[in-house]
Amino acid sequence: MQMNGMNIKPVTVILLVLLLVGFYYYYYYYYYLSQYRFNVPPCPTSCSTSEPKDRVPDVIPTDYVFHLKTPDHLQYSQPSIVKGRTDVVAVTPWLAPIVWEGTFNPVLLDSIYKQKKINIAVTVFAVGKYIMFLKNFLETAEKHFFVSFNVHIYVFTDRPKEVPKVNMAPGRQLTVRSVPSSNRWQEISARRMELIQKLIEEQLRKHSDYIFCLDVDSQFHSRWGTESLGGLVAVIHPGYYLDDRGKFPYERRPESRAYVAHGEGDFYYCGGAFGGLLQEVFLLANTCRSNFEEDAKNGIEAAWQEESHLNRYMWINKPSKVLSPEYLWQDFKPRNPEVKTIRFSGVIKNYAAIRPNV
Ligand code: UD2
C-alpha cells in the first residue's frame with residue numbers, strides 16, 4: 001500500500017486499527033463510565049477464594065449505587081405491610097416512593113448510606129439582593145441537611161465578598177462561584193440549569209454522587225437526609241397538591257417546549273428543590289436548558305421559567321423518588337394536617353424589595 005510515498009504493509013494498518021479500537025474501549029470503560037461511578041462492581045473477593053462455587057458470597061460490594069447493604073445485627077423497629085400512614089399516598093402509579101414522615105426509618109437508611117461514603121453536592125444561587133437569605137440557609141442546613149454526611153455546597157453569586165462565614169462540621173464545605181448580575185429575575189432563575197449542567201460537567205463528576213439544587217430564600221426546620229436519595233428526585237409543590245391537574249400552572253402554549261396539555265401531568269413539582277444522581281440531574285439540566293434556549297429563539301418564555309421546563313421533563317421522565325410537600329413548604333401557609341413535619345420551607349419575602357425587576 002502506497003501512502004504519501006511511504007510503503008505501508010496491510011498488516012501494519014490492521015495493527016494500527018486494532019490499537020485504536022483498544023484505546024477507545026479502554027477510554028469508554030475505565031474513564032467515561034467510572035467518572036459517573038455507575039459501573040457494575042467487580043466480582044467480590046470471595047468469588048476467587050476457596051469457597052464452594054454454589055455458595056452465594058456474603059461479602060457484597062458496597063459501592064454499587066443501587067445495592068442497599070445494611071450492617072449485620074442492626075437494630076430497628078419491625079416494618080409492617082399492613083400498618084402505616086393511611087392519610088396520604090406513599091407511592092406513585094409508576095411505583096416510585098412518595099416520602100412522608102412515618103414512611104421510612106432514618107436509622108436504617110443512614111446505616112445503609114454511611115457505608116457507601118456518599119458525597120452530596122448542593123447548588124444554591126444568591127444573586128443580587130438574594131444574598132440576604134444565604135446566612136440563614138447555610139446555618140439551618142448545618143443543623144438539618146444530611147447531618148454527619150459529606151456535603152459540598154456551591155454558592156453561585158455576583159457578590160462573593162458578602163458570602164457569610166458559617167461554621168461547618170468536618171466533611172462539609174462551601175465553594176463560591178462568581179456569576180454575572182442580571183436585571184431580570186426571570187433570567188437569574190432560568191440560567192440556573194445551564195450553570196448546574198456546567199458544574200456537573202466541569203467539577204462534580206469525579207467527586208460527588210448526588211446533587212440537590214435548592215432555592216436560597218428558604219430554610220431547613222427538621223431532618224432532610226438519606227430518605228431523599230434517588231435517581232431522579234422531585235418535590236411536590238405545596239401550593240397545588242390538593243388541586244385538580246387542570247389548575248396546575250403548567251406552560252399551556254403548544255408553541256413552547258415546556259407545553260403540558262390539559263388532562264396531562266401527574267403532579268406539580270417545585271423549581272425550588274430537585275436532585276438525584278449526578279447523571280440524572282445532568283440530563284435534566286441539559287434538556288431543560290436546551291428547551292429553554294429553543295423557546296427563547298422563538299420569542300417564548302415559559303410561564304414559570306425553568307420550573308415549567310422541569311415539570312414538562314418530569315412528566316416524560318418520571319422521577320424515581322418523589323418528596324412530599326414536607327420538603328418545600330411555604331412559611332406564609334399554615335401547616336396542613338397531613339404534613340406532620342416541615343423540613344424545608346420558602347421564607348416570606350417582599351418581591352418588590354428584592355427582585356431587580358417586577
Ligand atoms: C418559584 C420557584 C423557583 C423558580 C421560580 C420561577 C419554588 C419554591 N420556587 O419561586 O424555584 O422556579 O418560581 O422562576 O418552587 N434568584 C436570585 N436572585 C434574584 C432572583 C432569583 O438569586 O434576583 C435565585 C434564588 O436562588 C431564588 C431562585 O432564584 O431562590 C428563585 O427565584 P424566586 O425565589 O424569586 O422565585 P419564586 O419565589 O417565584
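Given the structure is predicted, the values throughout are model-derived calculations rather than measurements. Numbering of ligands and ligand atoms starts at 1, following listing order.
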Between [Y] and [X], is there a side-chain donor-acceptor contact under 3.5 Å, judged purely by atom types and distance?
| X | Y | value |
| --- | --- | --- |
| Lys114 | Ser148 | yes |
| Tyr313 | Asn291 | no |
| Asn317 | Glu280 | no |

Next on the checklist: Under a 4.0 Å threshold between the charged nitrogen and the carboxylate oxygen, would Lys318 count as salt-bridged to Asp266?
Outcome noted: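 Result for this pair is yes, salt bridge flagged.
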Next on the checklist: Regarding Glu142 and Arg172, does a basic nitrogen lie under 4.0 Å from an acidic carboxylate oxygen?
Outcome noted: yes
Next on the checklist: Once you measure the plane-to-plane angle for Phe212 and Trp224, does it fall in the parallel (<30°), tilted (30-60°) or perpendicular (>60°) bin?
Outcome noted: perpendicular
Checklist entry - Near ligand 1, which protein residues have a heavy atom under 4.0 Å away? => result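 Only Phe125, Ala126, Val127, Tyr130, Trp185, Ile188, Ser189, Arg192, Asp215, Val216, Asp217, Cys270, Gly271, Gly272, Trp304, Gln305, Glu306, Glu307, Leu328, Lys349, Tyr351, Arg355, Pro356 have heavy atoms that fall under 4.0 Å of ligand 1, ordered by chain and number.
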